[in-house]
Protein chains: 2
Amino acid sequence: MGTRERIIDVALEMFNENGERAVTTNHIASRLGISPGNLYYHFRNKQAIIANLFDRYEQRVLEILALPEGRVIETQDKLRYLTDVFNELWAYRFMHRDMEHLLSADPELHERYRGFFSHCLRQIENIFLALSGAGILSADEQDCQDLALNTWIVVTSWFSFLQCNLLSGDESVITQDMLQGGIYQVFSLERPYLTPDHRDDVLALQRAFIPRPDWMQRR
Amino acid sequence: MGTRERIIDVALEMFNENGERAVTTNHIASRLGISPGNLYYHFRNKQAIIANLFDRYEQRVLEILALPEGRVIETQDKLRYLTDVFNELWAYRFMHRDMEHLLSADPELHERYRGFFSHCLRQIENIFLALSGAGILSADEQDCQDLALNTWIVVTSWFSFLQCNLLSGDESVITQDMLQGGIYQVFSLERPYLTPDHRDDVLALQRAFIPRPDWMQRR
DNA sequence: CTATTATTAGAGTTATTACTCTAATTCGTC
DNA sequence: GACGAATTAGAGTAATAACTCTAATAATAG
């Protein structure tokens, strides 16, 4: 693997561990065992590394969110969407953590991010509309729009939420439970919209695949 | 007003404008027209200023979230809760923006924040339970727990969401619309749970008080 | 008025960070 | 193996940030 790729990989790893703010270019070079000069040979500056990571992230998420071609959407699809998105989000979790700063430091990236967001939001909305069309949900257009935005917010905030509210200082371990907690939480958004015909089936399916993690049942 | 209070006020102002990361103690002192030494006479370090701001924030929010004493909860209560909380959140918006870093830099604050969170979450849950008890919502215990967590996430992420996705670079102006957008969004969480008896009334009330802002109707 | 304490100024320190520059080394190709 | 280009090392720089130190000034009490 080339030096350029290794820089990106290690940068991602370190950003996720400690946040972009705490990771300097020298740290990255040092962990790689290369010189800072070498790093700057491959990247004009720190922002360029970040922009590159955003490229990867954006591409992966857009792939995941594409609607199934030539067939009707099913409940399993929703589950797959969420699992894949959450996994991807976990892999790039520093991004939403430090998003506001990253964007304010790089107007071009900010512009791209806005495009990414509105694409995603439309896509999420389409998924809800498709679920309604398939008779799984009973939600009108406005419901779907609101569901989509709530979904975006919960999904993109989930790992920050975990970090701030549940994990204590050191342990930065993500358990499968925590991922599932996020998925459960997103499903809870659509739960009241399930049609009587599908309600029991879907709920049973969800309970099987995404049981409510223990730690979510406080008291 | 004493120097100590002026430092806190100006720090809050500047943190909100540019984020805690971009505001140095020297900047704060400079805008106040005092020396850095003077600032450090009043505060041991930057974290102490932040911890102090958190004190204020925590106290105000807990006051706001208290349940009404000696009477049944009404729809207007919920509206007041949200308006007040959002105003307070706006006043301290740097906090949730940079929360993850602030907490990782100050374990003691992290501990306090976790307490604050669980208190708030319980309180929010109680509000939903009270609304259910009053026959306004039809939501069981688990629904209320899930609603509470979704509410917390949407509320605490709202201003970051705006900054990243809707505002372009310079304009950091918050319009009343944007606050209302957040309130609308939180109401959309409970909308499907409204009982038939109250549904029309509540929706009419909400439409009057928190119309969906124009910019939320994309396309 | 004096002694003590609280407050402030402002220069200075230490550490860090993003980034540059030059010289060396490796690599691919003929 | 020679030659140009790509890659790398590593010392160095300029800027910045958090914080310290000392001395001066104000405020207060007796």
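Every chain is numbered from 1, with letters handed out A, B, ... down the list of sequences. On a predicted model such as this, the values are computed, not experimentally measured, just so you know.
Residue B:Gly33 is in sugar-phosphate contact alone, with no base atom involved, counting any heavy-atom pair closer than 4.0 Å across all strands shown.
Atom pair B:Ile7:CD1 and C:dA9:C1' shows a separation of 13 Å (rounding to whole Å applied). Between the P atom of D:dA9 and the CD1 atom of A:Ile28 lies a distance of 15 Å, rounded to the nearest Å. Whole-Å rounding puts the B:Asn26 CG to C:dG12 P distance at 15 Å. Residue B:Met1 contributes atom CE, which lies 17 Å from atom C1' of C:dT7 at whole-angstrom precision. Put simply, CZ on B:Arg21 is 12 Å from C1' on C:dA18, counting in whole angstrom units.
A salt bridge links A:Arg191 with B:Asp146: the closest approach of a Lys/Arg side-chain nitrogen to an acidic carboxylate oxygen falls below 4.0 angstrom. Classification of A:Arg21 and B:Glu20 as a salt-bridged pair holds, one side-chain N sitting under 4.0 Å from a carboxylate O. Note on A:Asp9 versus A:Arg56: salt bridge recorded, some NZ/NE/NH1/NH2 to OD/OE distance being below 4.0 Å. A salt bridge links A:Lys78 to A:Glu190: one of the charged nitrogens lies within less than 4.0 Å of a carboxylate oxygen. Remark: A:Arg114 engages A:Glu111 in a salt bridge, criterion side-chain N to carboxylate O under 4.0 Å. We find that A:Asp55 and A:Arg112 are joined by a salt bridge, their nearest charged nitrogen and carboxylate oxygen being less than 4.0 Å apart.
With ring centers used as reference points, B:Tyr92 lies 6.0 Å or more from B:Phe54. Within the 6.0 Å centre-distance limit, the rings of B:Tyr57 and B:His96 are counted as a close aromatic pair.
Between B:Thr25 and D:dA17 there is no side-chain polar atom (N or O) within less than 4.0 angstrom of OP1 or OP2.
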### Task
Take nucleotides 23-28 of chain D nucleotide by nucleotide from the 5' end and write B, S or -, depending on whether a protein heavy atom sits under 4.0 Å from the base, only from the sugar-phosphate, or from neither.
------

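If you check residues 35-50 of chain A against DNA chain C, the residues with a heavy atom closer than 4.0 Å are A:Pro36, A:Gly37, A:Tyr40, A:Asn45, A:Lys46, listed by number.
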